[in-house]
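Only one structure is covered here, and it is reproduced in the block below.
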Number of protein chains: 2
Amino acid sequence: MESSIEDVLIDLAELFKNFADSTRIKILYDLLDGEKNVTEICEDIDMTQSAVSHQLKILKTSKLVNSKREGKSVIYFLADDHVSSIIAMGKEHVEEDE
Amino acid sequence: MESSIEDVLIDLAELFKNFADSTRIKILYDLLDGEKNVTEICEDIDMTQSAVSHQLKILKTSKLVNSKREGKSVIYFLADDHVSSIIAMGKEHVEEDE
DNA sequence: TAAACATATGAACAAATGTTCATATGAATA
DNA sequence: TATTCATATGAACATTTGTTCATATGTTTA
């Protein structure tokens with residue numbers, strides 16, 4: 001089943017919404033390092049556990065991250081190679097004009 | 001003057017906000033075709049003139065589009081090559097899983 | 001199994017965002 | 001220059017969104 005270009009653009013907007021919040025993009029950027037549990041992420045990006053958990057859920061729902069449980073912890077990791085490409089591309093743009 | 005990675009990520013979130021709304025991304029996608037005046041854009045994406053104008057202003061402020069006046073019309077065009085790269089990359093991601 | 005640790009989640013709240021409506025501004029033309 | 005066409009903009013409104021706070025759930029260990 002093929003989607004119209006309009007549908008694709010709407011999905012695209014949805015995708016970019018994930019990168020459009022500084023907490024979420026910090027989480028994604030943090031996970032470029034490799035998989036981490038929630039506590040680590042909180043420390044790295046200096047946000048409360050609750051705020052991070054809420055955002056992780058959004059990222060997971062949109063399939064940009066995935067998770068696995070390891071004992072008491074839950075480990076999150078990037079679900080998709082495109083994430084790093086998209087961040088890299090945006091980063092290039094942002095760093096270009098300073 | 002060098003910015004911290006945190007600043008870069010905040011700017012990055014700001015950048016992606018522009019792509020995170022379907023009206024704006026439709027405008028940007030529409031302009032991949034080439035420059036167009038406001039009326040054309042409205043017809044192409046089927047949105048009111050006011051809504052489009054408001055969003056064009058946002059896109060212009062964030063320097064993703066530029067404009068020039070030609071008689072009664074104002075012509076808008078993409079200001080940056082990165083725009084197409086970013087859209088293309090996201091499009092690839094979105095179209096991948098269907 | 002009770003306590004401690006790690007994560008998830010719901011409700012409430014404030015702030016940000018996008019559209020509409022009405023109208024203003026700017027430019028061409030009758 | 002009055003009218004028409006094209007675009008911009010402000011105010012109001014509804015919606016969406018992100019954080020905090022309190023608490024629930026799940027897992028290990030004393």
Side-chain angles (χ1 to χ4, degrees), chain A residues 6 9-31 34-79, chain B residues 6 9-31 34-79:
Chain A
E6 165 148 33
L9 292 176
I10 290 171
D11 287 351
L12 205 41
E14 286 305 310
L15 171 66
F16 284 125
K17 272 182 191 159
N18 290 292
F19 298 87
D21 171 74
S22 62
T23 299
R24 283 194 298 274
I25 209 166
K26 282 177 192 170
I27 291 173
L28 292 172
Y29 188 80
D30 193 38
L31 292 178
E35 53 182 43
K36 306 196 177 179
N37 66 38
V38 180
T39 303
E40 284 180 275
I41 297 172
C42 293
E43 286 163 357
D44 287 349
I45 75 171
D46 194 36
M47 290 268 151
T48 68
Q49 183 268 315
S50 182
V52 169
S53 252
H54 279 296
Q55 297 310 322
L56 280 171
K57 182 167 199 182
I58 292 175
L59 292 173
K60 193 170 181 186
T61 300
S62 48
K63 298 186 179 163
L64 293 180
V65 305
N66 240 309
S67 64
K68 59 186 178 194
R69 183 171 272 280
E70 251 176 37
K72 286 188 282 191
S73 303
V74 177
I75 316 286
Y76 281 85
F77 49 94
L78 296 181
Chain B
E6 164 147 34
L9 292 176
I10 290 171
D11 288 350
L12 205 41
E14 286 305 311
L15 172 66
F16 284 125
K17 272 183 191 158
N18 291 291
F19 298 87
D21 170 74
S22 62
T23 299
R24 282 194 298 273
I25 209 165
K26 282 176 192 170
I27 292 174
L28 292 173
Y29 188 80
D30 193 38
L31 292 178
E35 52 181 44
K36 305 195 177 180
N37 66 38
V38 181
T39 302
E40 284 181 274
I41 297 173
C42 293
E43 287 163 356
D44 287 350
I45 74 171
D46 194 35
M47 290 270 151
T48 68
Q49 182 268 315
S50 183
V52 169
S53 251
H54 278 297
Q55 297 311 322
L56 280 170
K57 182 167 199 182
I58 292 175
L59 291 173
K60 192 170 180 187
T61 300
S62 47
K63 297 184 182 167
L64 293 179
V65 305
N66 240 310
S67 65
K68 60 185 177 194
R69 184 171 271 278
E70 252 177 37
K72 286 189 282 192
S73 304
V74 176
I75 316 287
Y76 281 85
F77 50 92
L78 297 181

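Note: hydrogens, waters and symmetry copies are ignored here, and every other heavy atom, side chains too, is used. Below, read A as the first sequence line, B as the second, and so on, with proteins coming before strands; counting in each chain starts at 1. Quick caveat: nothing in here was measured; it's all calculated off a predicted structure.
Minimum heavy-atom separation, Ile25(B) to Leu9(A): CG2-O, 3.5 Å. Nearest heavy-atom pair across Leu59(B) and Ile27(B) is CD1-CG2, 3.8 Å. Leu56(B) and Val65(B) make their closest contact through O-CG2, 4.1 Å (heavy atoms, listed as atom of the first residue, atom of the second, distance).
Lys57(B) has its side chain out of reach of His54(B): every pair of non-hydrogen atoms, C-beta onward, lies at least 4.5 Å apart. Counting only heavy atoms from C-beta outward, the side chains of Leu64(A) and Leu15(A) approach each other to under 4.5 Å.
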Would you mind writing out the side-chain donor-acceptor pairs for residues 67-77 of chain B within the sub-3.5 Å range, not counting sequence neighbours?
from: Ser67(B); atom 1: OG; to: Lys60(B); atom 2: NZ; distance (Å): 2.7
from: Lys68(B); atom 1: NZ; to: Glu35(B); atom 2: OE1; distance (Å): 3.0
from: Lys68(B); atom 1: NZ; to: Glu35(B); atom 2: OE2; distance (Å): 3.2
from: Arg69(B); atom 1: NH1; to: Gly71(B); atom 2: O; distance (Å): 3.1
from: Arg69(B); atom 1: NH1; to: Lys72(B); atom 2: O; distance (Å): 3.3

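Between the NZ atom of Lys60(A) and the C1' atom of dT7(C) there is a distance of 12 Å, rounded to whole Å. If you measure from atom CD1 of Ile58(A) to atom C1' of dT16(D), you get 11 Å, rounded to the nearest angstrom. Rounded to a whole Å, the CE atom of Met47(A) is 12 Å from the P atom of dG18(D).
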Protein-to-nucleotide contact annotation, 5' to 3' order, nucleotides 3-15 of chain D [B base; S sugar-phosphate only; - none; under 4.0 Å, heavy atom] = --BSBBBB-----
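By the 30° and 60° cut-offs, the orientation of the rings of Phe16(A) relative to Phe19(B) is tilted.
Taking every heavy atom of residues 10-23 of chain B and every atom of DNA chain D, no pair lies under 4.0 Å.
Remark: Asp44(B) pairs with Lys36(B) by the side chain to side chain donor-acceptor pair (under 3.5 Å) rule, at least two apart or across chains. Judged as a side chain to side chain donor-acceptor pair (under 3.5 Å), and not counting sequence neighbours, the contacts of Glu6(A) are Lys26(B).
Between the side chain of Glu40(A) and the backbone N or O of Asn37(A) there is at least one donor-acceptor pair closer than 3.5 Å. Between the side chain of Arg24(B) and the backbone N or O of Asn18(B) there is at least one donor-acceptor pair closer than 3.5 Å.
Residue Gln55(B) has no polar side-chain atom (N or O) positioned under 4.0 Å from OP1 or OP2 of dT17(C). Checking the phosphate oxygens (OP1, OP2) of dT17(C), no side-chain nitrogen or oxygen of Arg24(B) falls inside 4.0 Å.
End-to-end axis angle of the helix from dT1(C)-dA30(D) to dA30(C)-dT1(D), from C1' rotation axes over five pairs per end: 10° (rounded to 10 degrees).
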